[in-house]
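Structure first, then comments.
Here is the naming used below: chain letters follow the sequence lines, and residue numbers restart at 1 for every chain.
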Amino acid sequence: MSDKRLLLIDGNSITYKAFFALIKLVDRFTNNEGVHTNAIYGFNNMLNIMLDKVKPTHVLVAFDAGKTTFRTEMYSDYKAGRDKTPEELVEQFDYVKELLKNRGIKYYQLKNYEADDIIGTLSKQADGLGFDTTIVTGDNDLTQLCSDKTTVSISNRGVSGVVRYDTDYVKETMGITPEQIIDWKALKGDSSDNYSGVTGVGDKTSLKLVKQFGSVENLYDHVDEVSGKKLKEHLIEDKDEAFLAKKLARINREAPIEISIDDTEYEGDHLDDLIEFYRQMNFRKFLSEMNTTQNANMKDIEYVEVSDDTLSEIAKQDSDKVTFYLGMDGDNYHDAPFIGFALKINDKIYVSNDVEYLKSDQIKQIIESNDVKKDVFDAKRTYVGLNRLGITLNNVDFDLLLSSYLLDTNDNSNDLGKVANRHDYFDVQSDDDVYGKGAKREIPEGEKLFNHFARKLNAIDALKDKLFDGLKENNQWDLYTDVELPLTFVLARMEIAGVVVDKDVLNEMQSKLSERLEEIKQTIYNDAGEEFNIASPKQLGVILFEKLQLPVIKKTKTGYSTAVGVLEQLAPDYPIVEAILEYRQLSKILSTYVEGLLSDIHGDGKVHTRYLQTLTQTGRLSSVDPNLQNIPVRTEEGRKIRQAFVPSHDNYQIFSSDYSQIELRVLASISGDKNMQDEFIHNDDIHASTARRIFGLKDNSEVTPELRRQAKAVNFGIVYGISDFGLAKNTGISRKDAKEFIEKYFAEYPGVKKYMDESVESAKKNGYVETILHRRRYLPDINSKNFNLRSFAERTAMNSPIQGSAADIIKIAMIKMENELNKRGMKAKMLLQVHDELIFEAPDEEIEVLSELVPKVMDSAVELNVPLNVKSHYGKNWYSLK
DNA sequence: CTACTCACG
DNA sequence: ACGTACGTGAGTAGA
């Protein structure tokens with residue numbers, strides 16, 4: 001066997017074969033996004049088999065570039081009359097190509113040529129270079145390419161059954177040479193390619209003639225010698241067809257390809273991307289196969305373990321920049337145990353599993369220094385962790401996590417190894433790979449851990465320039481340095497400050513709710529005639545829709561829907577449903593908010609949420625452990641939870657300011673719509689004005705509350721990237737009415753319509769959309785052939801700049817707000833952010849100042865073409881804000 | 001580990 | 001004709 005082995009795959013042919021082999025399962029093979037995956041799955045199966053069999057050094061998958069080729073030029077009906085490719089298959093081609101990228105395999109297509117021609121051309125070159133070449137296809141035609149060095153594997157049954165053709169096999173089975181396959185096809189024609197060859201000549205006759213005469217040319221030179229009168233007549237009559245067919249059947253082996261064999265070198269799997277892809281596709285089988293084959297093979301890195309002796313050496317290093325990593329076991333850095341740290345100065349790496357060393361003057365001084373730049377992964381996590389040790393992290397220059405998120409919000413892993421991989425740096429593993437997952441998770445000691453830490457530092461270092469260049473190139477440098485990086489520390493300090501939660505209030509609620517729930521439960525059991533788990537949608541469905549025979553309004557994938565909307569429709573007629581709704585509401589409050597919150601209270605009587613700054617696709621924050629951005633407010637029962645959120649000192653108040661209609665104001669500003677801008681400038685009731693416009697009234701005073709409500713829903717819809725169906729569903733109006741409202745809306749606010757169209761157009765052209773601060777969201781599905789995916793991308797193209805710009809604005813306000821409080825030496829502290837709302841605690845005597853200051857800062861955070869509007873409230877707890 | 005449900009902006 | 005509102009987190013049940 002040669003040490004140069006080339007694998008050439010006919011991408012179109014194999015994808016088709018895979019699709020139709022698994023056609024019966026086409027509806028079972030869909031991922032969470034509704035994309036069909038059967039062909040992708042089958043293709044990958046074939047790939048695994050061939051990679052294992054051939055063990056190639058070089059691989060190329062060739063695709064057809066389109067319908068028109070040089071063959072259609074000489075014969076316009078070439079391949080005409082074929083069935084249209086099913087939509088379920090069309091949508092899979094792009095994913096097959098993504099699969100190939102992730103498997104480290106090149107693919108290629110060439111305008112005017114078919115995949116066959118690319119394969120023919122490359123295999124010829126490969127023969128000359130001494131490669132062993134294996135061609136994989138579903139198409140028998142390619143057997144004409146067989147040679148001493150080239151074999152053709154034809155997949156027949158599905159994709160796993162393969163027949164291997166080489167020169168000898170062709171000669172044995174057919175009695176002709178591979179080259180003569182072309183002559184054979186020229187005479188018999190090819191119905192699937194829609195050319196007929198010679199009338200009355202099929203497989204058998206053609207083969208006989210080729211064996212007798214050797215070639216089409218020789219046959220016509222000696223056409224008199226053909227036996228059979230009819231046959232001879234047909235041959236003479238269809239001579240042109242035969243010669244045309246020969247041209248069509250011959251694979252072009254001199255196609256002007258712009259790829260060389262050197263370019264097709266097989267890279268091997270890009271593990272992290274491939275795992276992500278398999279997850280996206282729901283390919284559990286391939287995922288589990290990978291677990292067993294993955295093994296990192298990395299060389300050890302030099303480092304020094306910190307001891308009392310090395311501290312002075314560290315102090316002497318004297319550099320204006322260091323790279324630092326603080327290890328903690330667990331996501332929640334407010335209380336996760338420390339597992340060590342690593343510090344890189346002047347290319348020398350120091351590591352330790354004893355974080356007490358950080359408190360030494362030598363190291364603490366470096367971390368706290370405003371003159372020494374720090375490069376880290378996840379500055380907020382590092383800041384909070386160090387704060388627990390009494391150390392303040394100052395002068396962070398590069399945050400790998402934050403930079404990576406800004407460059408592409410889709411890459412939002414919190415794992416250093418995975419982030420590094422995404423930026424093509426592979427000399428570091430993910431924590432999951434080193435520590436293990438689930439029950440097997442265990443932090444290693446000594447060398448293994450230190451090596452991992454050291455590699456992390458090297459990864460941060462290696463990626464700094466690249467990511468900084470990326471930020472500058474994207475026009476995101478200011479977003480990083482002026483907004484996101486400073487915000488990290490504002491957030492860190494808010495998290496550290498925490499919010500006091502009054503346990504007594506929650507305990508009281510707990511006993512009252514439990515009591516009430518017990519009562520409701522008994523009523524429900526009575527009405528149902530049996531006991532069951534009300535919290536189980538499955539059991540509840542059986543009781544309601546089978547036992548009690550209530551009308552089925554909606555179904556989910558797995559059974560009856562018992563969602564609120566459904567139950568609310570049934571409630572007026574069935575008391576049991578009413579009771580279930582109350583039970584649902586109260587048990588949600590009890591389990592998620594009362595009990596959930598109680599379990600999140602730290603030893604200091606406070607909850608310390610974590611704001612995830614690198615998660616959302618739009619630039620918003622999210623809040624976890626506990627989530628303080630979804631504390632109930634809409635129902636009175638739930639709202640009472642807010643009574644437990646109190647200031648940390650006596651004679652303090654909770655103070656809150658929120659932007660009104662910030663997203664619509666952003667829309668008015670960035671869309672440039674004059675009508676909407678005027679309404680905000682004149683401080684009109686925007687929903688009433690919208691109602692006046694879409695219902696064709698003379699004056700806002702004619703707007704009834706019901707009309708205003710409908711207009712408000714339309715305004716929401718617009719922000720979300722409207723569709724008539726969505727609006728109808730959400731407001732209960734008919735789809736036809738919804739459609740009219742939208743049309744009227746766009747006629748009245750033409751600038752908004754223009755903005756929506758331009759957003760989608762720009763996303764299609766650039767692949768991403770941007771906020772006012774150049775925060776990016778890539779929308780890879782915007783040109784997808786799958787209607788669902790494409791529509792979703794279009795709606796997000798419209799919504800993300802709006803939601804994201806609003807997020808930009810409040811982020812700036814937060815930074816400015818903290819500065820103002822510091823500048824004035826105020827005791828007030830910013831505690832929470834809830835998307836369009838900032839919540840503080842402050843001593844009574846500062847409330848007056850805050851009432852002026854906060855709205856002023858929030859109003860002026862950015863300059864829009866419309867005014868921003870901020871409303872403030874305060875009270876003794878988060879519930880009683882006035 | 002996924003589906004469902006429901007809390008927020 | 002296609003099937004939809006945008007962005008999140010958490011608790012529970014049940015494979």
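- Of the side-chain N and O atoms in A:Thr618, none sit less than 4.0 angstrom from OP1 or OP2 of C:dT8.
- Remark: A:Asn533 is in phosphate contact with C:dA13, judged by side-chain N or O atoms under 4.0 Å from OP1 or OP2.
- Side-chain N/O atoms of A:Lys729 include one lying less than 4.0 angstrom from OP1 or OP2 on C:dA5.
- Among the atoms of the strands shown, base atoms are found under 4.0 Å from some heavy atom of A:Gly717.
- A:Lys811 has a carboxylate O that lies under 4.0 Å from a charged side-chain N of A:Glu484, or vice versa, which qualifies the two as a salt bridge.
- Taking atom P in both C:dA5 and B:dT5, one finds a spacing of 14 Å when rounded to whole Å.
- A close approach under 4.0 Å does occur between a side-chain nitrogen or oxygen of A:Ser536 and OP1 or OP2 of C:dG14.
- Contact check, A:Thr616 against C:dG7: no side-chain N or O comes under 4.0 Å of OP1 or OP2.
- For DNA chain B, the neighbouring residues in residues 620-635 of chain A, judged by any heavy atom under 4.0 Å, are A:Arg620, A:Gln629, A:Asn630, A:Ile631, A:Pro632, A:Val633, A:Arg634.
- Judged by distance alone, with hydrogens and angles left aside, A:Arg790 brings no side-chain donor or acceptor close enough to the base of C:dT4 to form a pair under 3.5 Å.
- When the side-chain nitrogen and oxygen atoms of A:Ser800 are compared with OP1 and OP2 of C:dC6, none of them lie within a distance under 4.0 Å.
- Comparing C:dG7, C:dT12, C:dT8 by their nearest atom to the side chain of A:Leu615 picks out C:dT8.
- Between A:Glu636 and A:Arg639, no side-chain nitrogen of the basic residue sits less than 4.0 Å from a carboxylate oxygen of the acidic one, so the salt-bridge criterion is not met.
- Near DNA chain C, meaning a heavy atom under 4.0 Å away, the residues from residues 537-544 of chain A are A:Lys538, A:Gln539.
- Ring centroid separation for the pair A:Tyr745 and A:Phe741 does not come in under the 6.0 Å cut-off.
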Pairing string, 5' to 3', for DNA chain C - Watson-Crick or wobble contacts under 3.5 Å, brackets [ ] where pairs cross, | to another strand = .....|||||||||.

